[in-house]
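I have placed the structure first, in the form of structure tokens, so that the comments after it can refer back to it.
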Amino acid sequence: MSDERETGRREVLKSGLALGGLAATAGMPFWSKLALAQGEELVPFSDMPADYAVPPVKAGGIHFLDTRTIDSLYTNNDDFYIVQHYNQPEISADDYRLRITGLVDRPLEFTLAELKSMDKVEIDAGFECGGNRQDFYHGLIGNAKWGGVRVRDLLASAGVQDAGIEVVFYAADKGTENIRATDVEQAFARSMHIDDAMRSEVMIAYEMNGVPLPLYHGAPVRLIVPGWYGVANVKWLEHIHLQDRRFMGRFMARDYVTLSRVDVGGVERWDERSVTKIQLKSSIVRITRRDGAHRVTGFVLNDGTPLKSIEISIDGGPWRAAQVDPDSSKYSWKLFYLDWNDATPGEHTLVSRVTDINGQVQATADEMPEKPSRWENYAQFPRTVTIA
Ligand SMILES: Nc1nc2c(c(=O)[nH]1)N[C@H]1C(S)=C(S)[C@@H](COP(=O)(O)O)O[C@H]1N2
Ligand SMILES: [Mo]
């Protein structure tokens, strides 16, 4: 544990973003209870191949986090999952420029040094790919402390005109898209309504866990939209454009679109919506044993709505309250554990569920809306283990 990280934790605590009525641990720091102690061993999940292993980071490739290894509030930059749909552009920090154009009073261009000279914010935010799912044990996930500048400060200096209601974020990575039988070159891009872009926590990050943003995570600068799925966090960001109508690029309107059968004003409709806010979700990631005692560990992600409870049920039994990391904050992931003191030899099924202060409960697989698209996999995830 570096001094830097300790300071980060204290700042989070001081900021007073507590978890309402959730049980918190006293005494020992929470993270020390998550780290594998001397003599503590993983109890293998029987729903996971015995040789399950995450391949190392490879240039241009997707990288997963082995969720069994989650043991601290912040994911190491080297372990944090990596997803991109085109290339991984190498942009020199000296040549980097961020442009703001469109319906603004003053089109602007910032160097990296200019961005760094502006008011700095640091925000803890955890997120997952909208395509994260149980098949790979929710490995497309991570939590980090992001350092940078608020988007709203940048927009304020450019002066957004009343007609500028849509903010488009263009990246430097590009690919060929076949649209309406035409091959066109497109940059990765996402957009949001001006009201979303003006939220105080929406930021342009040049630091990840206290060091310059690594290449694979979008160096030198990326967008971070706390509480939204990973796809919103445009890496290698180089251009912000204000316009008066919806942006309909691939990652807003064709890909990362959830198709589900839902009630729309009393009518059952097949709804198509862009992947944005993170759905209320928890998952067990690890079961450990030490001197015959068992501990169940997991994470929660959502859109930042405060939580009411995180619970675990064993073999369909009563819900037991889990202990939650008191250093968690509004947009970070929330790690939790339960001491499973009455584990008996044999096969067991364990599942976690999270409830927010609005009374929304994480859905079971049966309660999920019919959803043929693979995005937004947030159902309760029962895990199985065999206790020796
Ligand atoms: N420029 C760019 N930004 C991007 C993407 C991309 O392909 N290009 N992929 C998005 C998706 S789908 C995800 S899940 C996150 C992953 O961020 P990470 O690789 O830092 O974990 O980046 C988002 N930002
Ligand atoms: Mo993603």
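Fair warning: this is a prediction, and the values are worked out from it, not measured in the lab. Indexing begins at 1, ligand by ligand and atom by atom, following the structure's order.
The heavy-atom pair separating Ile278 from Gly126 by the smallest distance is CD1-O, 4.0 Å.
No hydrogens or angles considered: a donor-acceptor pair under 3.5 Å links the side chains of Thr101 and His239.
No donor-acceptor distance shorter than 3.5 angstrom exists from the side chain of Lys174 to the backbone of Asn87, with no hydrogens or angles considered.
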Identify every side-chain donor-acceptor pair in residues 182-193 under 3.5 Å, counting partners at least two apart or on other chains, and give the distances.
| unit_1 | atom_1 | unit_2 | atom_2 | d |
| --- | --- | --- | --- | --- |
| Thr182 | OG1 | Arg180 | O | 3.1 |
| Asp183 | OD1 | Asn178 | ND2 | 2.7 |
| Arg190 | NH1 | Phe251 | O | 2.8 |
| Arg190 | NH1 | Val275 | O | 3.4 |
| Arg190 | NH2 | Val275 | O | 2.9 |
| Ser191 | OG | Glu166 | OE2 | 2.8 |
| His193 | ND1 | Asp195 | N | 2.9 |

Short N or O contacts of ligand 1 with protein, under 3.5 Å, listed by atom name?
| unit_1 | atom_1 | unit_2 | atom_2 | d |
| --- | --- | --- | --- | --- |
| ligand 1 | 1 (N) | Asp173 | OD1 | 2.7 |
| ligand 1 | 1 (N) | Asp173 | OD2 | 3.4 |
| ligand 1 | 1 (N) | Lys235 | O | 2.8 |
| ligand 1 | 3 (N) | Lys235 | N | 2.8 |
| ligand 1 | 7 (O) | His85 | N | 2.7 |
| ligand 1 | 8 (N) | Asp173 | OD2 | 2.8 |
| ligand 1 | 17 (O) | Arg222 | NH2 | 3.0 |
| ligand 1 | 19 (O) | Val83 | N | 3.0 |
| ligand 1 | 19 (O) | Lys235 | NZ | 2.6 |
| ligand 1 | 20 (O) | His217 | ND1 | 2.7 |
| ligand 1 | 20 (O) | Arg222 | NH1 | 2.7 |
| ligand 1 | 20 (O) | Arg222 | NH2 | 3.4 |
| ligand 1 | 21 (O) | Tyr81 | O | 2.6 |
| ligand 1 | 24 (N) | Asn233 | O | 3.1 |

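With ring centers used as reference points, His85 lies under 6.0 Å from Tyr256.
A salt bridge does not link Asp271 to Arg269: none of the charged side-chain nitrogens sits closer than 4.0 Å to a carboxylate oxygen.
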